[in-house]
There are 2 protein chains.
Amino acid sequence: MSTVDKTLKLLGYLKTTSPELGLSQFTRLSGEDKASTHRRLTELTRAGFLEQDPVTRAYRLGAALTRLALTREQSFPRAEHARRVLERLYDSVRETVHVSVIQGTDGLSTLAHIDDHSHGNRVYIEPADLLPFHATASGIVTLAFAVKPFRDTVLARRFDRLTSETEIDPAVLALHLEDARRSGFGRSEGAYEPDVFSVAAPLFASDGTCIGAIATAMPKARFTEMSENRILSAVAKAASDLTSYWGGEPPGTLKATWDSMIV
Amino acid sequence: MSTVDKTLKLLGYLKTTSPELGLSQFTRLSGEDKASTHRRLTELTRAGFLEQDPVTRAYRLGAALTRLALTREQSFPRAEHARRVLERLYDSVRETVHVSVIQGTDGLSTLAHIDDHSHGNRVYIEPADLLPFHATASGIVTLAFAVKPFRDTVLARRFDRLTSETEIDPAVLALHLEDARRSGFGRSEGAYEPDVFSVAAPLFASDGTCIGAIATAMPKARFTEMSENRILSAVAKAASDLTSYWGGEPPGTLKATWDSMIV
DNA sequence: CCTGATGGTTCAAATAATGGACCTTGTGGT
DNA sequence: ACCACAAGGTCCATTATTTGAACCATCAGG
């Protein structure tokens, strides 16, 4: 693993649940020695990727990230497109909706989301968390339509059991992927968070590769057979819209499926 | 310069004006050899800090940046606070307003801004650009209140002449800093962009160090003596509010100046 | 006034980065 | 059809940077 990899990895230890960490904590998390960790933290701080509290000496994420993320969004306003499509989808389903894109082989990163505010019992999105491929509707459907080498790399991992419903057997997961490829949708029934049902459709780039998914998530109780068709249709339309907004192209068979579902 | 520095520097070449660059362009910009540049780009891509267009092979900023920036903002919602204060300031002055924070020794990075939409002739903010210390009201006032070692480091640089009004002589700049320290405000009269007048007040962290500035910018024609006091008072109030929102503490003398100006 | 935790620094040894040369593909010119 | 050039990308002996055990300073609790 390169020096740069090891350095950038440090940034990943900062979560919303632990937004500041000290030198010793980084050292323990990374399993490296203190001197190297310290030099890396100093380099990241110099570059503006971290900032250090002058009193506690703890490190937190820095302003350069905000600046670069702004530049990215100004150049390629994908999040803005996503938000527009999500608004329409939310109007249809009145449940929490989100768009997430592949972030390396570890999972999906959420680009935009709308939290439901029309029900008392609703599903919250933590936009800073990576969504694992094996335990979420978005992850399953993204993996199902991803290119084979990528899928194989991900499936070679060992998966974590997050709830009692999480499937971690690669053979069974392969069946789920097969199912998603046939139907065009990924499903999760409490595999990521207990009692949360979710459906997702894949999003494609201009070269036809799958780059992420659009999904809706709700409490199990509200996902009835009656509502299912309406939800699938709305999600299919959103996926189709966003894919073409982004200049993407779905595989021919899926395009046919989507068109037949959109009323 | 460390390997990590050289690698992270590559990200800086991606601007809104050049959101995608190829290997050769990065190589020329960095002045390094092609093989090393390529390895660095690959590492950044693996980490999600860049993504590569599968067709053109050009590199652009990646999804990891969005994710980290979101985490940062969730943990320390400084931009949200800034936006709230900017809204009030905008209501008072009806001109473009922005909050920028120190980003290394190169300049200030804009955290939040509101573009004026009440005049035909207005000033636009390019939030992804770094504001130079010597040619902007925000830069001058931030430097004026910054700790001495930092100020000396910045003043040791050679400055670029951006317009016919840009002051680049360190001795004269030192006088401007002195003036800003006395009055509590930085000014720029067309030194960054021709015809754009700007006033800025400093922002402080909890340890009393200056971390950035809040400013308003307008066409020269609208900055009259009559409006000046109203503007200074509004900017002072905004700086005072945002500093305390962020848990910061202005120096005693400045606090007195601000309090006397706020009606 | 110990003890163990924190943040930070040093420098010889070990490892990873470097970059000139090379390969391949695509484009524009004649 | 052919050549010249620039693009993206790779190889590997040389070289420079990273590494990490041992170190120091400070603080909090017992």
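A, B, ... follow the sequence lines: proteins, then strands. Residue 1 opens every chain. As a basis for the values below, the full set of heavy atoms in this structure was taken, side chains included, without hydrogen atoms, waters or symmetry mates.
- Salt-bridge annotation for K148(B) and D152(B): present, with a side-chain N of the basic residue lying under 4.0 Å from a carboxylate O of the acidic one.
- In the set dT10(D), dA17(C), dG20(D), dG20(D) carries the atom at the smallest distance from any side-chain atom of S36(A).
- Note: CD (E20(B)) to C1' (dA7(D)) measures 16 Å, nearest angstrom.
- Around the NZ atom of K6(A), the shell of radius 6.0 Å holds more than 12 heavy atoms that belong to other residues, nucleotides or ligands.
- Here the shortest heavy-atom pairing between T3(B) and R40(B) reads O-NE, 4.3 Å.
- The CE atom of M1(A) sits 17 Å away from the P atom of dT15(C) (whole-angstrom rounding).
- With distances taken from any side-chain atom of H38(B) to the nucleotides dG8(C), dT10(D), dG8(D), the minimum falls on dT10(D).
- Taking only side-chain atoms of S24(B), from C-beta outward, the nucleotide of dG19(C), dA7(D), dT9(C) with the closest atom is dA7(D).
- Rounded to an integer number of Å, the gap from NZ of K34(A) to P of dA22(D) is 13 Å.
- A salt bridge is defined here as a Lys NZ or Arg NE, NH1 or NH2 lying under 4.0 Å from an Asp or Glu carboxylate O, and R157(B) with D106(B) meets this definition.
- At a threshold of 4.0 angstrom between heavy atoms, the contacts of Q25(B) with the nucleic acid are absent.
- Checked against the 6.0 Å centroid criterion, the rings of F150(B) and F145(B) do not qualify as a close aromatic pair.
- When the local axes at the two ends of the helix from dC1(C)-dG30(D) to dT30(C)-dA1(D) are compared, using 5 base pairs at each end, they differ in direction by 40° after rounding to 10°.
- At whole-Å resolution of the value, CG in L21(A) and C1' in dG7(C) are 14 Å apart.
- Taking both residues in full, the closest heavy atoms of A135(A) and T166(A) are given as CB-CG2, 4.0 Å, listed atom of the first, atom of the second, then distance.
- In this structure, the nucleotide among dT18(C), dG9(D), dT9(C) sitting nearest to the side chain of D33(B) is dT18(C).
- The cationic group of R60(B) lies under 6.0 Å from the six-membered ring centre of F76(A) and within 45° of the ring axis, placing it in a cation-pi geometry.
- Heavy atoms of Y59(A) sit under 4.0 angstrom from primed sugar atoms or phosphate atoms, though from no base atom.
- For the OP1/OP2 pair of dT18(C) and a distance below 4.0 Å, the side-chain nitrogens and oxygens of R40(B) include at least one atom meeting the criterion.
- Two residues, A35(B) and R57(A), neighbour DNA chain C, and the one matched to the more 5' nucleotide by heavy-atom proximity is R57(A).
- Atom OG of residue S100(B) and atom CG of residue L131(B) lie 4.5 Å apart, to the nearest 0.5 angstrom.
- As rounded to whole Å, 9 Å separates atom P of dG9(D) from atom CG of L41(B).
- Per the geometry, CG belonging to L50(B) stands 14 Å off P belonging to dG8(D), to the nearest Å.
- Looking at which nucleotide of DNA chain C each of K6(B) and G22(A) is closest to, the 5′-most match is held by G22(A).
- For R28(A) and dG7(C), the CZ to C1' distance is 12 Å, given to the nearest whole Å.
- Atom pair R39(B):CZ and dT17(D):C1' shows a separation of 12 Å (rounding to whole Å applied).
- With dG20(D), dG9(D), dT18(D) as the choices, the nucleotide that has an atom nearest any side-chain atom of T3(A) turns out to be dT18(D).
- In the set dG8(D), dG20(D), dG20(C), the nucleotide with an atom closest to the side chain of E32(A) is dG20(D).
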